[in-house]
A.B. asks: 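One structure coming up, written as structure tokens, with questions to follow.
Each residue takes its place number in the sequence, starting with 1. Any value given below was found using the heavy atoms of this structure, including those in side chains, with hydrogens, waters and symmetry copies removed.
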Amino acid sequence: MLLNELFALVIVLCSIGFIWRDVKQVFFPKMHAERTFQHLTFAVIFALTVLWSAQAGVKEGLSIHFLALTTLTLMYGWRSAYAISIVVSVILGVIGTIELSQVPEYLIFSCLLPIGVSYLIFLLSYRFLPRNIFVFIFVAGFFNGAVTGSFHLITNSLYHVVLGNYDWTTIVDNYLVFVPLLAFPEGLLNGMSLAMFSVFKPEWLRVFSDRDYIYNHYHKK
């Protein structure tokens, strides 16, 4: 088990090195220059800490909670979103929600991979689907959140099966059974959040542009 934790720690350290340039050149200067952005980020960290603390432990290592990572990713971009998730994960380790030794694994399977999936689905929707507000809310938001939440449970399940912690039958009967139950509310959480932000606070969404999703639609007509 120690070997797995060390391997996870190495992956996390490498991923931090990969995102560091963007965080240093974009995120930190914006935090320093804009007080509103500071308040927003601290509020996001607090909200995610509360949301991720409210998790149901089915079995050891198999926890269920809302992610809201699709919204986080579209608000900050995947690199800064991952940086924020690192802060939240460390806080969870400090307050005892998860074991400190489990933080690297938690970062990989509950943060990095879901954030990557969320950003990939957004890019695919941006590239191949019509760019309008409804596609952004229902595909990049609702559908994206549902897929990301399901992906999180599936990858976490596969990890524990590979480690031999649980057999596949136990995983399916006690954990994967929640995939269809969690997908809709996870999608709804992210879809509603992005709908409100795109209407009332579009400046909070790093990937949202009025030119792409609103004005461009009318210009084509």
A.B. asks: Tell me which pairs pass salt bridge (Lys or Arg N to Asp or Glu O under 4.0 Å) where either residue lies in residues 179-198, with sequence neighbours left out.
C.D. replies: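 Not a single pair qualifies under salt bridge (Lys or Arg N to Asp or Glu O under 4.0 Å).
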A.B. asks: Would you mind reporting whether Leu40 and Glu34 have side-chain heavy atoms less than 4.5 Å apart?
C.D. replies: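 They are not in side-chain contact.
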A.B. asks: Within the 4.5 Å heavy-atom criterion, are Ile133 and Ser198 side-chain neighbours or not?
C.D. replies: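 Side chain of Ile133 against side chain of Ser198, heavy atoms only: contact under 4.5 Å found.
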A.B. asks: Is there a path of hydrophobic side-chain contacts, each under 4.5 Å between heavy atoms, that joins Phe7 and Leu13?
C.D. replies: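 No, Phe7 and Leu13 fall in different hydrophobic clusters.
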A.B. asks: What distance do Phe128 atom CZ and Leu123 atom CG have between them, rounded to the nearest 0.5 Å?
C.D. replies: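 That separation rounds to 10.0 Å.
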A.B. asks: Using modelled atom types and a 3.5 Å cut-off, is there a donor and acceptor pairing between side-chain atoms of Asn144 and backbone atoms of Ile121?
C.D. replies: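 Checking the backbone N and O of Ile121 against the side chain of Asn144, no donor-acceptor pair under 3.5 Å is found.
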A.B. asks: With a 4.5 Å cut-off on side-chain heavy atoms, are Leu205 and Phe136 touching?
C.D. replies: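 Touching, per the 4.5 Å side-chain cut-off.
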A.B. asks: Who pairs with Trp168 by ring-ring contact (aromatic ring centres under 6.0 Å, His included), at least two apart in sequence or on another chain?
C.D. replies: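 Listed in chain order: nothing, the list is empty.
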A.B. asks: Please give me the minimum heavy-atom distance between Val139 and Ser125, naming the atom from each residue.
C.D. replies: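 So the minimum-distance heavy-atom pair works out to CG1-CB, 3.8 Å.
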A.B. asks: Does anything in residues 35-45 pair up under side-chain hydrogen bond (donor to acceptor under 3.5 Å, both in side chains), and if so which pairs, sequence neighbours excluded?
C.D. replies: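 Of all non-adjacent pairs touching residues 35-45, those that pass side-chain hydrogen bond (donor to acceptor under 3.5 Å, both in side chains) are Thr41-Tyr76.
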A.B. asks: Less than 4.5 Å apart, any side-chain heavy atom of Val207 and any of Phe122?
C.D. replies: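 The answer is yes, as the side chains (C-beta and beyond) meet within the 4.5 Å cut-off.
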A.B. asks: CD1 of Ile16 to CD1 of Ile11: how many Å apart, nearest 0.5 Å?
C.D. replies: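 Ile16 atom CD1 to Ile11 atom CD1 measures 12.0 Å (nearest 0.5 Å).
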A.B. asks: I'd like to know if Phe134 and Leu74 are part of one continuous hydrophobic network [Ile/Leu/Val/Met/Phe/Trp/Tyr, side-chain heavy atoms within less than 4.5 Å].
C.D. replies: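 Shared cluster, yes.
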A.B. asks: Pairs in or reaching into residues 189-209: which pass salt bridge (Lys or Arg N to Asp or Glu O under 4.0 Å), with residues at least two apart or in two chains?
C.D. replies: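 Applying salt bridge (Lys or Arg N to Asp or Glu O under 4.0 Å) to every pair that reaches into residues 189-209, excluding sequence neighbours, yields Asp22-Arg206, Lys201-Glu203.
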A.B. asks: Name the atoms and distances for all side-chain donor-acceptor pairs under 3.5 Å in residues 172-182, with sequence neighbours left out.
C.D. replies:
unit_1	atom_1	unit_2	atom_2	d
Asn174	ND2	Thr170	O	2.9
Tyr175	OH	Ser63	O	3.0
Tyr175	OH	Asn156	ND2	3.1

A.B. asks: Which pairs with one or both residues in residues 92-103 pass side-chain hydrogen bond (donor to acceptor under 3.5 Å, both in side chains), sequence neighbours excluded?
C.D. replies: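 Listed once each, the pairs would be none.
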A.B. asks: Between Val10 and Phe18, is there shared hydrophobic-cluster membership here, with clusters defined by ILVMFWY side-chain heavy atoms closer than 4.5 Å?
C.D. replies: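 Not linked; separate clusters.
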A.B. asks: In the structure I gave you, are the side-chain heavy atoms of Leu67 and His152 within less than 4.5 Å of one another anywhere?
C.D. replies: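 They are in contact (side-chain heavy atoms under 4.5 Å apart), so the answer is yes.
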A.B. asks: For residues Ala68 and Leu48, report the shortest heavy-atom separation together with the two atoms involved.
C.D. replies: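 Minimum heavy-atom contact is CB-CD2, 4.2 Å.
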A.B. asks: If you take all heavy atoms of Thr49 and Ser53, which pair is closest and at what distance?
C.D. replies: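 Residues Thr49 and Ser53, closest heavy atoms: O-OG, 2.5 Å.
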A.B. asks: With a cutoff of under 4.5 Å between side-chain heavy atoms, which Ile, Leu, Val, Met, Phe, Trp and Tyr residues group with Leu188?
C.D. replies: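 Result for Leu188 is Phe142, Phe184, Met192.
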A.B. asks: Got a second to check how far Leu129's CG is from Leu124's CG, nearest 0.5 Å?
C.D. replies: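 Between Leu129 CG and Leu124 CG, I get 8.5 Å after rounding to 0.5 Å.
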A.B. asks: Enumerate, atom names and distances included, each donor-acceptor pair closer than 3.5 Å involving a side-chain atom of residues 78-94, sequence neighbours excluded.
C.D. replies:
unit_1	atom_1	unit_2	atom_2	d
Tyr82	OH	Ser15	OG	2.8
Ser85	OG	Tyr82	O	2.6
Ser89	OG	Ser85	O	2.8

A.B. asks: Looking only at heavy atoms, what is the nearest atom pair of Arg131 and Tyr126, with distance?
C.D. replies: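 Closest approach of Arg131 to Tyr126, heavy atoms only: NE-O, 3.0 Å.
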A.B. asks: Are more than 12 heavy atoms from other residues, nucleotides or ligands located less than 6.0 Å from atom CZ of Phe138?
C.D. replies: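 For Phe138, atom CZ is not crowded (no more than 12 foreign heavy atoms under 6.0 Å).
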A.B. asks: State, yes or no, whether a side-chain contact exists between Val23 and Phe28 at a heavy-atom distance under 4.5 Å.
C.D. replies: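 In short, these two side chains touch, coming nearer than 4.5 Å.
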A.B. asks: Could you walk me through whether Leu62 and Tyr166 pass the side chain to side chain contact (heavy atoms under 4.5 Å, CB included) check?
C.D. replies: CA-CA 10 Å; Leu62 302 177; Tyr166 304 102; 3.9 Å; yes
A.B. asks: Do Phe66 and Pro185 have side chains that approach each other closer than 4.5 Å (heavy atoms only, starting at C-beta)?
C.D. replies: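 Touching, per the 4.5 Å side-chain cut-off.
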A.B. asks: Quick one: side chain to side chain contact (heavy atoms under 4.5 Å, CB included) partners of Leu113, sequence neighbours excluded?
C.D. replies: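 If we apply the side chain to side chain contact (heavy atoms under 4.5 Å, CB included) test to Leu113, skipping adjacent residues, the hits are Ile108, Phe109, Phe151.
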A.B. asks: Can you give me the closest heavy-atom contact between Gly145 and Asn190, atom names plus distance?
C.D. replies: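 For Gly145 and Asn190, the tightest heavy-atom pair comes out as CA-ND2, 3.9 Å.
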A.B. asks: I need the full list of salt bridge (Lys or Arg N to Asp or Glu O under 4.0 Å) pairs touching residues 134-160, with sequence neighbours left out, sorted by first then second residue.
C.D. replies: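 Sorted pair list comes back empty.
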A.B. asks: How about Met75 and Val44: do any of their side-chain heavy atoms sit closer than 4.5 Å?
C.D. replies: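 Yes, close enough: below the 4.5 Å cut-off.
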A.B. asks: Hydrophobic side-chain clustering at under 4.5 Å (ILVMFWY, transitive links): who's grouped with Val50? Put none if nobody.
C.D. replies: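 Phe46, which link up through side-chain heavy atoms under 4.5 Å apart, make up the rest of the cluster.
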A.B. asks: Flag yes if Ile154 and Leu120 sit in one hydrophobic cluster, no otherwise; membership is Ile, Leu, Val, Met, Phe, Trp, Tyr, and two members link when side-chain heavy atoms are under 4.5 Å apart.
C.D. replies: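 Result: no, two separate clusters.
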A.B. asks: Between Val26 and Ile45, is there a shared hydrophobic cluster once you connect ILVMFWY residues whose side-chain heavy atoms come closer than 4.5 Å?
C.D. replies: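 Cluster IDs for Val26 and Ile45 differ.
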A.B. asks: Considering all heavy atoms of both residues, which atom of Ile137 and which atom of Gly191 are nearest to each other, and what is their separation?
C.D. replies: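 In terms of heavy atoms, the two residues are closest at CG2-O, 3.7 Å.
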A.B. asks: Sorted by first residue and then second, give each side-chain hydrogen bond (donor to acceptor under 3.5 Å, both in side chains) pair with at least one member in residues 115-124; sequence neighbours left out.
C.D. replies: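 Pairs touching residues 115-124 that pass the test: Thr70-Ser118, Ser118-Thr148.
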A.B. asks: What do you reckon, are the aromatic ring centroids of Trp20 and Phe27 less than 6.0 Å apart?
C.D. replies: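 No - the distance between ring centres of Trp20 and Phe27 does not fall below the 6.0 Å cut-off.
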